[in-house]
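Every chain is numbered from 1 and lettered A, B, ... according to where its sequence line falls, protein lines coming before strand lines.
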Protein chains: 2
Amino acid sequence: MARTLSSDVIDRAEAMFREYLRSRALKYTSERRTLLLEVLRNNEHFEAEQLLISMRHAGKRIAKATIYRTLPLLVDCGVVKQVQFGEKLARYEHTFGQGPHDHMICLRCRRVIEFDSAAAARLRETEAARHRFTAHSHRFQIWGVCSQCR
Amino acid sequence: MARTLSSDVIDRAEAMFREYLRSRALKYTSERRTLLLEVLRNNEHFEAEQLLISMRHAGKRIAKATIYRTLPLLVDCGVVKQVQFGEKLARYEHTFGQGPHDHMICLRCRRVIEFDSAAAARLRETEAARHRFTAHSHRFQIWGVCSQCR
DNA sequence: GTCAATGCAAACATTTTGCAACTCT
DNA sequence: AGAGTTGCAAAATGTTTGCATTGAC
C-alpha cells in the first residue's frame with residue numbers, strides 16, 4: 001500500500017504540480033504539498049476519504065473540502081489519474097508507478113490487476129482515426145474472474 | 001432520442017425480462033412494464049432521473065425508488081447495460097440498438113460516439129489470457145475531440 | 001392468501017459551495 | 001496589499017432504505 005518514496009519521484013511530481021500552479025497564478029500551499037506527498041505514498045488506487053483518514057493518522061490536519069478542491073488540480077497537471085471501476089465514488093491513482101496500464105477487475109474478490117496498455121493505446125488510435133476523432137486518453141476495463149478465484 | 005419501437009424489440013425484451021423475473025419468483029408489475037417500455041424508447045444513453053421525467057411527461061406515475069429498484073433487474077436480465085462516462089451518476093443504455101460497441105466521448109461537446117467493439121473484444125481476450133483471467137465483459141472508452149469540434 | 005412491490009419520506013454517501021478568516025507571492 | 005486558499009458547516013446530488021399499503025400470482 002504505502003511504500004518508500006524515491007525522492008526522484010517526489011521531485012518530478014512536485015515540479016509538475018508547481019509548474020502547473022505557477023502557470024495559472026495559483027499557490028503552492030502547505031496543504032497542497034502535504035496532499036501531494038500523501039497521494040504519492042499510495043501505490044494502489046485511492047479515494048478522497050482515504051487520503052483524509054491517513055493524513056489524520058499521520059497528524060496532518062486538512063479539511064475534506066481542500067482534498068476535494070485539490071484532487072482536480074492534481075489530475076489536471078498529470079500527477080494523478082482518475083480511475084473508476086463502476087462505483088459511484090471517485091478513485092484515483094498517481095502516475096509515477098509502472099507505465100501506462102489498464103485494469104482488470106475480478107468480480108469475485110474485487111482485486112484489480114493492471115496490465116500494459118500499449119496494445120489498447122494502438123487500438124484507440126486505430127478506432128479514433130476511423131471516426132476522425134482525436135484521442136487524448138482512454139480507459140479500458142475488463143471484468144471477469146481472476147486466476148486465484150477459479 | 002426517442003424512436004419508433006419495433007414490436008419485435010419489445011417482444012424480445014419483454015420475454016427476457018419476464019423469464020428473468022419468473023425464474024426468481026419476482027413479479028411483472030405494471031410499473032415494471034411501463035419502465036421497460038420507456039427504457040426501450042430511449043435510443044441514447046439515459047439515467048434514472050431522465051426516465052422519471054419522461055414518464056411523468058407521458059402521464060405515467062412512478063416513484064423514483066421504483067426506478068432505482070428496477071434498473072438493476074433490467075441490467076441483470078441483460079436488457080440494459082450500465083455505461084459510465086466518468087461522471088458520478090449512473091448511465092444506462094438498452095441492448096437492442098446496434099451491436100456490441102464502445103464509446104468515444106468528445107471533451108468539447110460531450111457528444112458520445114459509438115464504435116464497434118469487435119477489436120476491443122479480441123484485445124480483451126488476448127490480455128485476459130496473458131493474465132490467466134476469465135473475461136466476462138469490458139468497457140473501452142476514448143476521450144478526445146470529435147471531428148465537428150476541431 | 002401470500003409474498004413481493006410500490007410510494008413516500010427519511011436516511012445516506014459523496015461531493016460541492018458560501019463565506020469569513022487566513023496565507024502565499 | 002491582494003488574490004487565491006482554507007476550514008467549517010450547510011447545501012446539493014444521486015441513490016438507498018424502512019415501513020405501511022397495494023397488487024401480482
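When each of D:dC8, C:dT15, D:dT15 is scored by its nearest atom to the side-chain atoms of A:A65, the top-ranked nucleotide is D:dC8. For B:Y68, taking side-chain heavy atoms from C-beta onward, the closest of the listed nucleotides C:dT15, D:dT6, D:dT15 is D:dT15. Residue B:L89 places its side chain closer to D:dT15 than to any other of C:dA9, D:dG7, D:dT15. Side-chain proximity of A:A63 to the nucleotides D:dG7, D:dA24, C:dT15 is greatest for D:dG7. In the set D:dT15, C:dT6, C:dT15, C:dT6 carries the atom at the smallest distance from any side-chain atom of B:T66.
Look at CZ on B:R32: it is 13 Å from C1' on D:dC25, rounded to the nearest Å. Computed from coordinates, the B:E49 CD to D:dT13 P distance equals 10 Å when rounded to whole Å. For the pair A:R24 CZ and C:dC24 C1', the computed distance is 19 Å after rounding to whole Å. With rounding to whole Å, B:Q50 atom CD is found 11 Å from D:dG14 atom P. The CZ atom of A:R33 sits 15 Å away from the C1' atom of D:dT5 (whole-angstrom rounding). The nearest whole Å value for the distance from the CD1 atom in B:I67 to the C1' atom in D:dT17 is 17 Å. With rounding to whole Å, A:E87 atom CD is found 14 Å from D:dT15 atom P. If you take CG of B:L52 and P of C:dT6, they are 14 Å apart, rounded to a whole angstrom.
Both A:I62 and B:K64 sit near DNA chain D, but only A:I62 has its closest nucleotide nearer the 5' end. With DNA chain D read from its 5' end, the first of the two nearest nucleotides for B:A90 and B:S30 is the one closest to B:A90. In terms of position on DNA chain C, the residue among A:K27 and B:K88 whose nearest nucleotide sits closer to the 5' end is B:K88.
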Go through A:E93 and A:H45 one step at a time and tell me if the side chain to side chain donor-acceptor pair (under 3.5 Å) criterion holds. CA-CA 5 Å; A:E93 66 185 14; A:H45 310 105; 2.8 Å; yes

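One finds no side-chain N or O of B:T29 lying less than 4.0 angstrom from the OP1 or OP2 phosphate oxygen of C:dA4. An OP1 or OP2 oxygen of C:dA5 is reached within less than 4.0 angstrom by no side-chain nitrogen or oxygen of B:R69. Listed pair A:R22 / C:dT25 fails the phosphate criterion, with no side-chain N or O lying under 4.0 Å from OP1 or OP2.
Checked by atom type and distance alone, the side chain of A:R32 never pairs as donor or acceptor with a backbone atom of A:T70 at under 3.5 Å.
Counting only N and O atoms by type, the side chains of A:E127 and A:H138 include no donor and acceptor under 3.5 Å apart.
Within a 6.0 Å sphere centred on NZ of A:K81, heavy atoms belonging to other residues, nucleotides or ligands number more than 12.
For the pair A:R139 and B:R139, the minimum side-chain heavy-atom distance is 4.5 Å or more.
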